[in-house]
Amino acid sequence: MTRFEAPRGTHDILPSEQPVWQWVTGQMEEVCALYGYRRIDTPGIEDTELIIRTSGGGSDVVQKETYTFSDRGGRSLTLRPEATAPICRAYIEHGLHREPQPQKLYTIGPMWRYDRPQKGRYREHWQLSVEAIGTDDPAVDAEVIQLYAEVLRRLGVTSYVLELNSIGDRNCRPAYLERLAAWLDEHDAELDDEARAKRATTPLRVFDVKSERVQKALAGAPKIGESLCYECREHFEQVRRFLDAYGVKYELVPTLVRGLDYYTRTTFEFKDEAIGAKDTVCGGGRYDGLIEEIGGAPTPGIGFGAGVERLLLSLGERDVSGAQLDVYFVCAETADRTRVLPLLAELRRRGLRADMDYGGRSQKGQIGQAGRLGAGWTVIVDGGRATVREPGRDDWTAGLDELVERISG
RNA sequence: GUGGCGGUAGCUCAGUCGGUAGAGCCCCUGGUUGUGGUCCAGGUGGUCGUGGGUUCGAGUCCCAUCCGCCACCCCA
């Protein structure tokens, strides 16, 4: 019989990992709440068409990374690769545009992408997704970015850089893409195969090629930043002014382009090089055409996805585990457990974490177990009385009937 | 999807030239000890990732496959 393993690229979150996990997601939730973002949870599966329409049929995500299948009713469904499109779908479906705008929403949950796994890249991973829908106020761009910087600050992560760019909108980007295409035609001889391949699929990404020779040539190419329309340029300047006001440090990266088609104007990534090649801990941007694209009224929005596993890598080893137990009962072989069980229940009722041995251990073994669990009180029961040990204090004894009061009172 | 490296106990690893499997930690038991710490002794636990091949004999050599890691592509 072959042993079963978690499917490739997926992982269990073990009890020993839960304290850090809960600390991290708890901080995320707390910050979101403080900033006025409300939690929304959407299904893991979505209509395949929604994902294609929003991420873009030509994007890598849709081309090779989706888990897509037909259900028994013949519907084509896709495991969500990200949460922005599902949240926008819910925004439209449930008429959230009739509630006060902007709608500030967040979710935390698993996402799926059929990628080749490596450190920091999983087929199932958890993301915090934060979305502000219904305004294009640049102050919200700054808020969303500063929100994540605040999460990092709380968790003590300082080894990151924030990259920032604006990639224009439907008014100025098409014109820019034409100018870029014309320039690339003119300078085709100076490009290499990699650059030509990118040019064909994602023209904005030609600036990512590694060849120094090509990079040198590209220095003369038109950049999106110089081609922004007045409104986009103005918007971007405001975003930067507000970030400065928040005291958020960033680097302008004119070639920062994101992988999904729906992005407009502001794009940004938080990166931590120390965690490996997969160094983007958080990535996002504005998506002013997305809601309209999937059947809603023209509605602007901005948001980001932040990977929980990558953030954990960035955190490194950190011990946030405390004692998991308050009271542990050690029963001598002669002890009557029918007298102990009600005490356990009463202590638990009073909010104390109480437990006893179920492993058939010897008395010595049970005392050892109490130590391993970090019990604050170790109650050694023998007959109608008990000896109680507390670290750093002298032992004391009590009758079983007064025990609960002595401990919880 | 492409290329490279690796998989031996729950964990970290050793295993020589191919000769029938080891250590430490963890866990369990007993002893020592004026607290649950220390120390001592013993014990549980492995189809050597899986399947095939070569061989008298494979953890070791060969092939395939699965999983992990690294880089690419791309991304959180």
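Every chain is numbered from 1, with letters handed out A, B, ... down the list of sequences. Please read these numbers as outputs of a predicted model, since none were measured by experiment.
Between the side chains of A:R179 and A:S227, at least one donor-acceptor pair of N or O atoms lies under 3.5 Å. Side-chain polar atoms of A:Q127 and A:S129 form no donor-acceptor pair below 3.5 angstrom. The closest side-chain donor-acceptor pair between A:E46 and A:T48, if any, does not fall under 3.5 angstrom. A:T397 and A:T387 form no side-chain donor-acceptor contact under 3.5 Å, judged by distance and modelled atom types alone.
Look at the P atom in both B:C63 and B:C27: the space between them is 42 Å, to the nearest Å. Taking the C1' atom of each, B:C74 and B:G6 are spaced 24 Å apart, rounded to whole Å. Atom C1' of B:C48 sits at a distance of 29 Å from the matching atom of B:A41, rounded to the whole Å. With C1' as the reference atom, B:G59 and B:U20 are 11 Å apart, rounded to whole Å. Using atom P as the reference point in both B:G36 and B:G42, the two lie 23 Å apart (nearest Å). Spacing of C1' atoms, B:G49 relative to B:U8, comes out at 10 Å, to the nearest Å. Taking atom C1' on both nucleotides, B:U47 is separated from B:C39 by 38 Å, rounded to a whole Å. Between B:A9 and B:U44, the distance separating the two C1' atoms is 11 Å to the nearest Å.
Rounded to whole Å, the distance from CD on A:Q366 to C1' on B:U29 is 14 Å. In this structure, CD of A:Q363 is placed 12 Å from C1' of B:G36, rounded to the nearest angstrom. Look at OH on A:Y328: it is 14 Å from P on B:G36, rounded to the nearest Å. A straight line from CD1 of A:I380 to P of B:U35 spans 12 Å, rounded to a whole angstrom. If you take CZ of A:R393 and C1' of B:G36, they are 16 Å apart, rounded to a whole angstrom.
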**Item:** CA sep, side-chain torsions, deciding dist, call: A:D401, A:R385, salt bridge (Lys or Arg N to Asp or Glu O under 4.0 Å)
**Value:** CA-CA 9 Å; A:D401 48 355; A:R385 294 193 67 76; over 6 Å; no
**Item:** Residues A:R241, A:D244; criterion salt bridge (Lys or Arg N to Asp or Glu O under 4.0 Å); working and verdict
**Value:** CA-CA 5 Å; A:R241 267 187 53 210; A:D244 291 341; over 6 Å; no
**Asked** Can you check salt bridge (Lys or Arg N to Asp or Glu O under 4.0 Å) on A:E293 and A:R53, steps first, answer last?
**Response** CA-CA 7 Å; A:E293 173 66 29; A:R53 290 263 287 278; 3.2 Å; yes
Protein-nucleic acid N or O pairs under 3.5 Å, nucleotides 41-43 of chain B:
none

**Request:** Using a 4.0 Å heavy-atom cut-off, write out nucleotides 67-76 of chain B from 5' to 3' as B (base contacted by protein), S (sugar-phosphate only) or - (no contact).
**Result:** SSSSBBBBBB
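Checking B:G34 for Watson-Crick or G-U wobble geometry (two distances, each under 3.5 Å) identifies no partner in any strand. Judged by Watson-Crick or G-U wobble contacts below 3.5 Å, the nucleotide B:U47 has no partner. Figure legend. B:G24 is base-paired to B:C11; pairs are counted as Watson-Crick or G-U wobble with both atom distances under 3.5 Å. Of all nucleotides present, only B:C56 satisfies the Watson-Crick or G-U wobble test against B:G19, with each distance under 3.5 Å. With a 3.5 Å ceiling on both atom-pair distances, the Watson-Crick or G-U wobble partner of B:G68 is B:C5.
Heavy-atom distances to RNA chain B give each of A:G365 and A:E390 a nearest nucleotide, and the one nearer the 5′ end belongs to A:G365.
Closest to the A:R361 side chain, of the nucleotides B:G31, B:C28, B:G36, is B:C28.
Of all the heavy atoms in A:G307 and A:H125, the pair that sits closest is CA-CD2, 4.4 Å. Here the closest non-hydrogen pair linking A:R39 and A:I108 is NH2-O, 3.1 Å.
For B:G30, one of the phosphate oxygens OP1 or OP2 lies less than 4.0 angstrom from a side-chain nitrogen or oxygen of A:S362. One finds no side-chain N or O of A:R372 lying less than 4.0 angstrom from the OP1 or OP2 phosphate oxygen of B:C26.
The number of heavy atoms from other shown groups lying within 6.0 Å of CD (A:E273) does not exceed 12.
With A:R286 as the partner, the side chain to side chain donor-acceptor pair (under 3.5 Å) test is satisfied by one option alone out of A:D169, A:T266, A:D141: A:D141.
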